[in-house]
Amino acid sequence: MIDVVDLVKHYRASDGGIVRAVDGVSLSVSPGEMVGLLGANGAGKTTTLRVLATLLKPTSGGATVAGHDVATDPVGVRRALGYVSATTGVPDRLAPREILATYGSMHGFDGSALRERIDVLLDVLGLAGVADRPCGRLSSGQRQRVSLGRALVHDPPALVLDEPTSALDVIGSRDLMAFLDRLRAEGRAILVSTHRLHEIERRCDRFVIIDAGRIVAQGTREQLGAGREGGLEDAFFAAIGPGAVP
Amino acid sequence: MNDAPPVPGRWQAVRAIARRDLLEFVRDRRTLFVTLLMPMAMYPVLALSSLLSVRSSLDDPGAARPPSRLVLAVSGADALPLVAWVRSLPDTVESRAGWPEQLEIEAVAFDAADRMRREGSVDAWIEAPRGTIAGLDATGTVSLEVQLPDVEEVGSRARDHVTAVLRGLADDARRRRMGAAGLPESVLEPVAFTFSGGTAAPGGLSLRGVVPIAAGAVLVLLALLMATGAFYPAIDAIAGEKERGTIETLLMAPCSPGDLVLGKFLAVLAVTLATLAANVVSIALTMTVLLRFMPAHAALGLDAGTVAAAVVVALPAFVGLAAVAAAMSLAVTAASKSVKEAQNTLTPVILLVSGLAGAALLPGLGSSPWVAAVPFTGQVAVTRSVLFEADDPSPRRVGRADEDGRDGSLPLVPLAITLVSSALVSWLLLRATALVVTDEEILFRGPDAVTSGWSRPMPRARPTAWQGFGAALAGFAALWYVQGIAPADLARAILVQQAVAILLPLALLAWWQRVDASTTFALRWPAPDAARGLVATGAAALAGGGLFFLGAAALLAARGTGMSPEAEALSRRLFGFMRDTPPWQAALLVSVVPALVEETFFRGWILTAFAGRSSPPGRRAFANVAQAALFALFHMLPERMPQTFALGLLLGWLTIRSRSLLPAVVGHAVHNAMPLALVAWAGDAAFDAELVSPLSAALPTEIVAAAAVAFAAGLGAFVGATAESAGSPRPR
């Protein structure tokens, strides 16, 4: 469902130099699979996910979502993908129902089909009670659920989440991850990046560890040796090398 | 998961974005204040202060100051009969200018009069010796001395009043003399006349001098409020989205960046149109109130038909301006990362456009059709032209020619030019916005990039689009200032202009930004091999030369031989220079130097900056149009702009296609050399006193036909010679 092949993305830094943010990354996520993308700050996780979300163009290599190429068919990718990141906010002056209606309309829903879709999402996300309250008056957890609803309003088969729990408390994080389990069970392909290894350690089917723009390890929890005492955290540090250990 | 969602239509996404943004705008108190409250409050405040000023200065002068009064002392043997005579003067003399509203005249003794004068208790003292009355009744001239107090202020006022009184006395004495001589009084009044008609009541006051200024100020204010109406929505629409972190979700919408920007534009436009509506309502209501309380005899000088015609013209013109204001505000704020940054960027632009609007009130500007095409200036000028004659505050009478035969019809052609210009400018600005919104560097640049403007960057291949724009601005500023230091001698003036206005900013920028000269200035051979490179260069020369004559023929067809004084003066200077300068030197200064310097600047730096790396055809076309427009503006004279714009387009296309600056340099040089060739061909006939230039007489059909053939052949040969260059990958 999500296929990344030899993806390269270079930036120009503010001083005019070139930054190799992603340098030959290849990965795939199948339907009904949740893959965790792990890496330190600046490792290239967000850049990889932004290329998948068609917000950045690859320098070379490529990626497809549900068969749509991110470079040549970005609109097709957007119709097949839901994207949520820690930095994606919601408009303070709009209510959850209005936000979902806007994005639903953009994706071609209208009339009773749109209203039904919105009601289902609000119910599933636990937002029915605040559906008409401006987002500026919602909690962080509620706002993040609105953001997730916005990403799901067009019922995409693939979902990409970049640090989705970084602004949430423990309860909010647990609820969100439980919801992701449900989405995976529905057959969606999910690629999620996070710093909170314990949150995804037992939820993801596979992990991809990235460092300095390159994949340094990937596989199931067992394949990465995370079954030992230190768990996924030790496996992560082992993969990115001793220099990263504090 | 359910079945695949429906495929959205393009307009469905655009509508959804517009509706979403509009919902946000109307829930923002700042937007509501600027859109509705400010116009509704501003015009009444301005009108109230104007009304008070007009009423106090024009309406009731009697109530504004104390009545004028003259205390006159008369001494001497004939004092009593003189006082009696003055008191019995007929009422008609009291309408004389300067006549006091209260006149107190008394006969007093000499000493008393002198004392009263010194004390200041009288305004004037007249000594009437014996024989004064007899002298007035005789045929001679009676000399009277009027002594005034030593206080300067009182003396000045009293002098006017005494003069009026004594002239009244002289008029009456003249009538008595005529009667004594048996002549009718009509001998003294060979002409009698009265005034009738006019809008002002007799003795009333006209506001004709004030109305054009006030109307112009209202139109400028309206244009300015259009821009401020778009201010907050535009900032909120893009910079606000970035600040809130919602821009990424919008860019994930299943539509193109152009559609996204179009949706936002429609929302900002709706708010700007609401501002226009609020302004129109406020102006109409304010005018109603103003007219009700205006002094009855104060004449505006505008009839209802003319005002209605002005509204008919102003509404579409200012709707176009609302589109320009909305698109401009979006384009200017598109690169801003935060609301504060956007405010800092947009505020000076608002000040700049208010200057453009104000420029429409300058004498002489309103009569030029080119003015109608300039955003903000054009809308004000076109509307004002309905109300008043150009360069003359006289109100127009729309619908009929006046006594002088001046046409009173609506300015439909300038209105059409304004509307077309508004649409074109808005479209270009929206295209630019779409490019900027999706620019990865701008979209995801961190705060460090914002503050690193003064740090010299690492070496890079080419300048950014903003550096191209900055270079153009620096060039324009330098071009303006160089006019003040340019020598009178044309040869040296050309060199100074090219060096200071173009080379200096270019060299500074290129050095500071550490761009790669080869990439930025397209320093490469235009074709894979020498032969095809030569063909391409020769073809560019043909096209450039042909374009000169085609442009000249088009200009003659459009304007005839008439030229503005500025263009005529420049033509005379240029042709005089070409006649008096050795050909090699003239060719160097008119053709080679400008071609080298201007191509390095416009088709080198600016076009490369605007086009960017491996840009899509749409952006390259936009870059070409933008640099050609700047190139045309750089040549300043409106008559030359269409030709220089076309030349800029051609040279830009040559550079984009061949990825080499050489064809553009050669094409430009040959284009500029054509007047020299023409002078050589026409000989002394070119400098006939009646001819401003050889072209002003006529352009033979065979020359135009040959130019068209050369132009077409040049383009064809160039396309053939550069087929491989056009298809090869663009350098990074």
Side-chain angles (χ1 to χ4, degrees), chain A residues 9 11-18 31 46-47 50 53-57 59 74-95 98-99 101-110 113 117 120 134-135 147 150-151 153-157 183 186-188, chain B residues 1-9 12-17 19-21 23-28 236 240-241 243-257 259-260 263 438 440-441 443-452 455-461 464 513-515 732:
Chain A
K9 178 63 185 175
Y11 282 125
R12 196 168 62 209
S14 57
D15 61 0
I18 297 294
T46 297
T47 300
R50 280 177 175 166
T54 70
L55 297 170
L56 295 175
K57 291 187 178 66
T59 304
V75 173
V77 171
R78 291 170 203 160
R79 294 191 65 229
L81 185 75
Y83 174 73
V84 176
S85 89
T87 58
T88 53
V90 289
D92 285 347
R93 294 189 287 268
L94 298 184
E98 291 167 337
I99 293 171
T102 297
Y103 285 90
S105 294
M106 287 181 195
H107 281 281
F109 289 97
D110 56 12
R117 178 79 188 142
V120 167
C135 286
S147 197
R150 187 263 314 151
V153 73
H154 55 297
D155 202 15
L183 294 174
E186 290 173 355
R188 294 178 213 272
Chain B
M1 288 182 291
N2 301 319
D3 297 336
V7 177
Q12 192 173 357
V14 171
R15 267 203 317 272
I17 293 166
R19 192 171 55 232
R20 165 192 181 275
D21 278 16
L23 264 180
E24 282 215 76
F25 296 158
V26 298
R27 291 174 184 173
D28 183 1
D236 203 42
E241 298 269 16
E243 194 170 273
R244 293 189 294 270
T246 48
I247 191 77
E248 290 177 32
T249 62
L250 275 178
L251 291 171
M252 281 289 293
C255 60
S256 70
D259 291 344
L260 169 67
T438 51
E440 294 176 4
E441 286 180 36
L443 190 60
F444 295 112
R445 72 176 157 83
D448 57 333
V450 179
T451 55
S452 62
S455 58
R456 201 170 170 210
M458 298 288 283
R460 63 177 60 187
T464 64
Q513 296 296 336
R514 299 197 225 209
V515 297
R732 284 181 183 169

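Within every chain, numbering begins at 1; the chains are lettered A, B, ... in the order of the sequence lines, protein sequences first and strands thereafter.
Of the inter-residue distances, the one linking Arg150(A) atom CZ with Thr249(B) atom OG1 reads 5.0 Å to the nearest 0.5 angstrom. To the nearest 0.5 Å, atoms CG (Leu260(B)) and CE (Met106(A)) are separated by 7.5 Å.
Smallest separation of non-hydrogen atoms from Arg93(A) and Glu24(B): NE-O, 2.9 Å. The shortest non-hydrogen separation linking Arg79(A) to Pro254(B) is CG-CB, 3.7 Å. In terms of heavy atoms, Asp92(A) sits closest to Arg244(B) at N-CD, 4.5 Å.
With a 4.5 angstrom heavy-atom cutoff, Asp236(B) touches chain A only via side-chain atoms. Contacts of Leu81(A) with chain B are made by both backbone and side-chain atoms, with heavy-atom separations under 4.5 Å.
Of all the listed residues (Asp28(B), Ile247(B), Thr438(B)), the one sharing the greatest number of non-hydrogen pairs under 4.5 Å with chain A is Asp28(B). Among the candidates Gly240(B), Ala253(B), Gly263(B), the residue making the largest number of heavy-atom pairs closer than 4.5 Å to chain A is Ala253(B).
Looking at Arg27(B) and Leu94(A), their side chains come closer than 4.5 Å, going by heavy atoms from C-beta outward. At least one side-chain heavy atom of Arg20(B) sits under 4.5 Å from a side-chain heavy atom of Pro91(A).
Remark: the backbone N or O of Val84(A) is not paired with any side-chain donor or acceptor of Glu248(B) at under 3.5 angstrom.
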Can Arg19(B) and Thr102(A) be said to form a side-chain contact (heavy atoms from CB on, under 4.5 Å), step by step?
-> CA-CA 8 Å; Arg19(B) 192 171 55 232; Thr102(A) 297; 5.9 Å; no
